[in-house]
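When reading the values below, keep in mind they use all heavy atoms of this one structure, side chains included, and skip hydrogens, waters and symmetry mates.
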Protein chains: 2
Amino acid sequence: MSKPPSGRRKESALSRERIVAEAVALLDEGGEPGLTFRALADRLATGAGALYWHIDDKRDLLIAACDAIIASAVDTPASKATPETRIRTIAGRLFDAMDAHPWIGGALTQAGGTLPAVRILESLGQQVQALGVPQKQQWSTTSALMSYITGVGGENAARSQLARRHGFDRSRLLTEVSQTWAALDAQAFPFARQVAARLPTHDDRADFLAGIDLILRGISASAQRHRR
Amino acid sequence: MSKPPSGRRKESALSRERIVAEAVALLDEGGEPGLTFRALADRLATGAGALYWHIDDKRDLLIAACDAIIASAVDTPASKATPETRIRTIAGRLFDAMDAHPWIGGALTQAGGTLPAVRILESLGQQVQALGVPQKQQWSTTSALMSYITGVGGENAARSQLARRHGFDRSRLLTEVSQTWAALDAQAFPFARQVAARLPTHDDRADFLAGIDLILRGISASAQRHRR
DNA sequence: ACCTGAACACCGTTCAAGT
DNA sequence: ACCTGAACACCGTTCAAGT
């Protein structure tokens with residue numbers, strides 16, 4: 001992984017890449033609250049202040065960590081698949097990345113307009129274009145896809161953070177939520193009560209992709225209407 | 001606004017409602033970082049520790065503040081409009097609430113499964129049901145709508161937080177982002193570059209509703225396919 | 001140029017002590 | 001039952017001082 005020492009005295013000088021890599025490790029272990037400058041400095045055997053020579057501030061660090069994950073997630077090989085399936089593939093890979101690194105959801109929300117967000121926008125936008133969506137609607141269509149994806153990511157992040165806080169696992173947490181919903185007022189919350197039962201056993205990834213398909217169908221329905 | 005003192009000695013005893021109301025005010029003024037127990041205690045002329053008699057912790061407080069806004073946003077009068085337009089109305093009201101209180105976006109993400117989230121789910125779910133979506137798809141359809149809405153809200157929140165930090169206004173910030181995107185590598189980011197020009201003048205609310213319409217069209221397209 | 005580590009100005013939360 | 005306010009265990013960030 002790390003390139004061999006180049007013969008210099010210090011094989012492990014501090015660098016932005018090393019800091020970001022360790023930040024990702026810290027985030028994976030403890031979520032967003034797990035990333036602190038002190039813990040990071042400890043792991044890198046340096047002082048907290050030293051980090052500021054390589055990074056601007058915590059936001060910069062979080063976005064850089066996020067970008068490291070996102071960059072590899074959207075880096076899909078060129079393919080001859082239809083734009084629809086390519087969008088599905090990209091979305092699936094993003095879901096998996098957000099699932100493996102639950103802090104990504106929250107980080108991505110804070111990263112609006114920055115590199116990781118642009119990477120996602122770009123890879124989706126190219127396929128939206130290929131889909132034949134007229135120029136004028138390309139932005140709103142792409143950003144709808146993107147908002148949906150980050151929305152799901154954010155909820156994922158919140159859920160796993162909550163589970164961590166209580167020391168629960170995912171299914172225990174969902175069971176808990178399901179029971180709360182089932183006990184809600186029948187007059188005011190009929191839908192939540194009805195849906196509560198299915199909560200603990202539902203498949204997050206399948207539901208996520210069902211949402212993507214809904215949007216894709218909406219896009220193609222709009223196109224047909226236009227063509228007439 | 002405040003009801004007249006009821007004749008009791010202490011007209012302003014601490015209460016959960018008063019704390020939450022002041023928390024909303026603090027959040028509106030300074031965003032999420034503006035809400036601290038010390039500032040809140042100051043404004044309520046009490047000690048920070050006193051607040052813990054009425055609220056569990058900061059998360060509890062943030063969710064309660066969020067719920068105060070969401071409850072009034074989803075409280076739409078009964079109407080004979082089509083489910084589609086009712087969904088559009090609910091979404092629009094949520095957008096306006098998230099626009100007026102930009103911290104809502106972030107709070108809502110942290111509020112997964114709790115009351116404010118259930119309120120939104122319920123009001124959307126009832127209309128999804130009215131739309132004739134089959135039982136099995138009602139959950140994934142409703143949560144897709146919900147994820148999209150919270151996703152947009154989160155981005156809104158991030159943008160306004162960033163603008164506040166830099167002391168910029170919204171349009172200044174978008175211009176800045178637009179310039180960054182326009183300067184990206186032409187090979188790697190053609191879509192972002194193309195879309196950059198339109199960024200500063202786009203209408204957030206219209207784009208948001210366009211996304212809602214996309215999902216609604218996807219729903220009705222799925223229904224037609226089913227009916228055949 | 002790069003790193004050290006103490007210091008600063010904050011946080012959320014607890015808890016003995018009061019009324 | 002409810003409130004006080006000091007104390008605790010943290011934060012991110014800065015900056016003089018070192019190499």
* Asked: Hey, are A:Asp96 and A:Arg205 close enough for a salt bridge, meaning a charged N less than 4.0 Å from a carboxylate O?
  -> yes
* **Strand-adjacent residues in residues 29-39 of chain A, judged by heavy atoms under 4.0 Å from DNA chain D** => A:Leu35, A:Thr36, A:Phe37, A:Arg38
* Asked: Rounded to whole angstrom units, what separation is found between the CZ atom of A:Arg59 and the C1' atom of D:dT13?
  -> 17 Å
* Measure from CG on B:Leu14 to C1' on C:dT19 and round the result to the nearest Å. => 15 Å
* Find the distance B:Asp57:CG to C:dC11:P and express it as a whole number of Å. => 17 Å
* Enumerate the residue pairs fulfilling salt bridge (charged side-chain N to carboxylate O under 4.0 Å, His left out) with a member in residues 169-189 of chain A, sequence neighbours excluded, ordered by first and then second residue. => A:Arg170-A:Asp204, A:Arg172-A:Glu176
* Under-4.0 Å salt bridge between A:Asp60 and A:Arg16 -> yes
* Just jot down the side-chain hydrogen bond (donor to acceptor under 3.5 Å, both in side chains) partners of A:Glu155, sequence neighbours excluded, or say none. => B:Ser147, B:Thr150
* Which residue, A:Trp53 or A:Gly49, contacts DNA chain C at a nucleotide closer to its 5' end, judged by nearest heavy atom? -> A:Trp53
* To do: Go ahead and name the base partner of C:dC10; Watson-Crick or wobble counts if both distances stay under 3.5 Å, otherwise write none.
  => none
* Pairing of B:Arg43 and B:Glu29 as salt bridge, 4.0 angstrom limit -> yes
* Nearest whole angstrom, please: distance from the P of D:dT14 to the NZ of A:Lys58. => 15 Å
* Whole-Å distance separating the CD1 atom of A:Ile55 from the C1' atom of D:dT13 -> 11 Å
* Structure fact -> Value for CD1 (A:Ile69) from CG (A:Leu94), rounded to nearest 0.5 Å, stands at 11.5 Å
* To do: Return the value, rounded to whole Å, for the distance between atom CZ of A:Arg16 and atom P of C:dC2.
  => 14 Å
* Asked: Given that both distances must come in under 3.5 Å, which nucleotide forms a Watson-Crick or G-U wobble pair with D:dA16?
  -> C:dT4
* Asked: Which whole-number value in Å describes the distance from B:Tyr52 OH to D:dA6 C1'?
  -> 15 Å
